Amino acid sequence: MQVSSRAAGVVGSVTLEIDAKAKKMKADGIDVVGFGAGEPDFPTPQFVIDAAKDALDKGLTRYTPAAGLLELRQAICDKLQKDNGISYAPAQIVVSNGAKHALYNTFQAILEPGDEVLIPSPYWVSYPEMVKMAGGVPVFVPGAAEDGFKPSLSALRAACTPRTVAMILNSPSNPTGAIYTREELEGIAALAVEKQFYVISDEIYEELTYDGAQHISIASLGEDIYQQTIVINGMSKAHAMTGWRIGYSAAPVPVAKVIANYQSHATSNANTIAQWASVAALTGPRDDLEAMVREFAARRDYLCDRIEAIPGLGCVRPGGAFYVMMRVSGLYGKSYEGQAIQNSMDFAGVLLDQAQVAVVPGVAFGADEYVRLSYATSRENIEKGMDRIAAFVQKLK
């Protein structure tokens, strides 16, 4: 039976594969410490849950407009104005089934076959696959560790061709936690305006910043770049609402209209009850969010200190999100009881099998010298996991 070459060329998510294997081991009674798939380990705030219950009690369970409830789109506009200094109208907002869906819609809306999309590397695993699913061509632009994993402006310029249609900007970043400064964003904005490409600004981790770092939306830096930016965000990370599956895009009206039309035929509206809960999340108190950020900052510091104390390992302390890229290339060429470690897949596989610790191979992010650890898990788990990693490394020969 036939399958399309386009679909067959899409690679599955390594992050979810590792997480699934770790969960299977746990189900089999094995004590696994998981640093894998990233989602806050905090409960959804009670007032958000209460809003969902209230929507159910009121019978608010029917279809909404495909682009989302007007009340939610207005709440998103208010949030973007208040938090980011960007003015949008509800007609520019499309509410989707998670930020991943919003990204997928965006690539479908703007790409023709063969169009190129600049992707800073290390990158989130789904970016290149979604570009390919829309017929586009991922163009990776590496960022060195000493530069905070952010590619230089000259490297981005050199990667531009007449086929460059967009650049993905993820700040704070998954997997590195990198945050772009105002000066860096101004340089990218000027390049985008000069070369006339879109900036797809994935801001899903914007609330999770540390050490006084400030998130700046590139769309706020001037009218020209505003007209070329598609902002992607959602409820999952900042509001601990991963399973509610609410994301959104904010874009110039012509792009937003195409995205809304596309979604109307693909999925129609996102979950209605989750939309009402999201209105509450965006307009309600921030106490839970602020407490979560404080705890993430403390976990980050502990995790980075432990990594830097283990011979052969290292990391760049992230400024945001809840991930650390742990450098493991100093261990390549060694072995564990005869099992050779030559790359990040080897390291992650042997570590999971022998020490029962799940990490994500850096090769999935275009960075084979590293593995990714999420600190969206309890301090107890982080301590236990790092104890096991330290013992594991000591046994390498």
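Just so you know, these numbers come straight off a predicted model, no measurement behind them.
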Salt-bridge contact [X]-[Y] (side-chain N to carboxylate O under 4.0 Å):
{"X": "Asp78", "Y": "Arg73", "answer": "no"}
{"X": "Glu194", "Y": "Arg157", "answer": "yes"}
{"X": "Lys21", "Y": "Asp353", "answer": "yes"}
{"X": "Lys237", "Y": "Glu206", "answer": "no"}
{"X": "Arg379", "Y": "Glu295", "answer": "yes"}
{"X": "Lys384", "Y": "Asp31", "answer": "yes"}
{"X": "Arg286", "Y": "Glu207", "answer": "yes"}
{"X": "Asp28", "Y": "Lys24", "answer": "yes"}

Polar side-chain atom of [X] near backbone of [Y] as donor-acceptor pair, under 3.5 Å:
{"X": "Gln228", "Y": "Ala192", "result": "yes"}
{"X": "Thr161", "Y": "Arg163", "result": "yes"}
{"X": "Ser249", "Y": "Ala102", "result": "no"}

Which residues share a side chain to side chain donor-acceptor pair (under 3.5 Å) with Ser344, sequence neighbours left out |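 Ser344: side chain to side chain donor-acceptor pair (under 3.5 Å) contacts with Asp368.
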
Using the salt bridge (Lys or Arg N to Asp or Glu O under 4.0 Å) rule, take Asp305 and Arg300 through it: C-alpha gap first, then chi angles, then the decisive distance, then the call.
-> CA-CA 8 Å; Asp305 289 345; Arg300 177 206 62 166; over 6 Å; no

Pi-cation contact, Tyr336 with Lys397 (under 6.0 Å, within 45°) =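 No, Lys397 does not lie over the aromatic ring of Tyr336.
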
Using a side-chain heavy atom cutoff under 4.5 Å and only I, L, V, M, F, W and Y, what cluster partners does Leu70 have?
->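 Other cluster members: none.
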
Please write out which residues are connected to Ile49 in a hydrophobic cluster, directly or through intermediates, given that two of Ile, Leu, Val, Met, Phe, Trp, Tyr count as joined at side-chain heavy-atom separations below 4.5 angstrom.
->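 For the cluster that includes Ile49, the remaining residues are Phe47, Val48, Leu60, Leu69, Leu72, Ile76, Leu80, Ile86, Tyr88, Ile93, Val95, Tyr226, Val231, Met235, Met241, Trp244, Ile246, Tyr248, Trp276, Val279, Leu282.
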
Do Phe365 and Tyr123 make the cut of ring centroids closer than 6.0 angstrom?
->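 Aromatic pair excluded; centres sit 6.0 Å or further apart.
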
ring-ring contact (aromatic ring centres under 6.0 Å, His included) with Tyr198: which residues, sequence neighbours excluded?
->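 For Tyr198, no residue satisfies ring-ring contact (aromatic ring centres under 6.0 Å, His included) once neighbours in sequence are set aside.
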
Does a side chain donor of either Gln354 or Gln339 reach within less than 3.5 Å of an acceptor in the other side chain?
->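 Judged by distance alone, the side chains do pair up.
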
Once the angle between the rings of Tyr375 and Tyr210 is folded into 0 to 90°, is it parallel (under 30°), tilted (30 to 60°) or perpendicular (over 60°)?
->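 Tyr375 vs Tyr210 ring planes: tilted.
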
Can you give me every donor-acceptor pair (side chain of residues 129-136, partner residue at least two apart or in another chain, under 3.5 Å) with its distance?
| residue | atom | partner | partner atom | Å |
| --- | --- | --- | --- | --- |
| Glu129 | OE1 | Val11 | N | 2.9 |
| Glu129 | OE1 | Lys132 | NZ | 3.2 |
| Glu129 | OE2 | Lys132 | NZ | 3.3 |

Cut-off 3.5 Å, no hydrogens considered: what does the side-chain donor-acceptor table look like for residues 252-260, sequence neighbours left out?
none

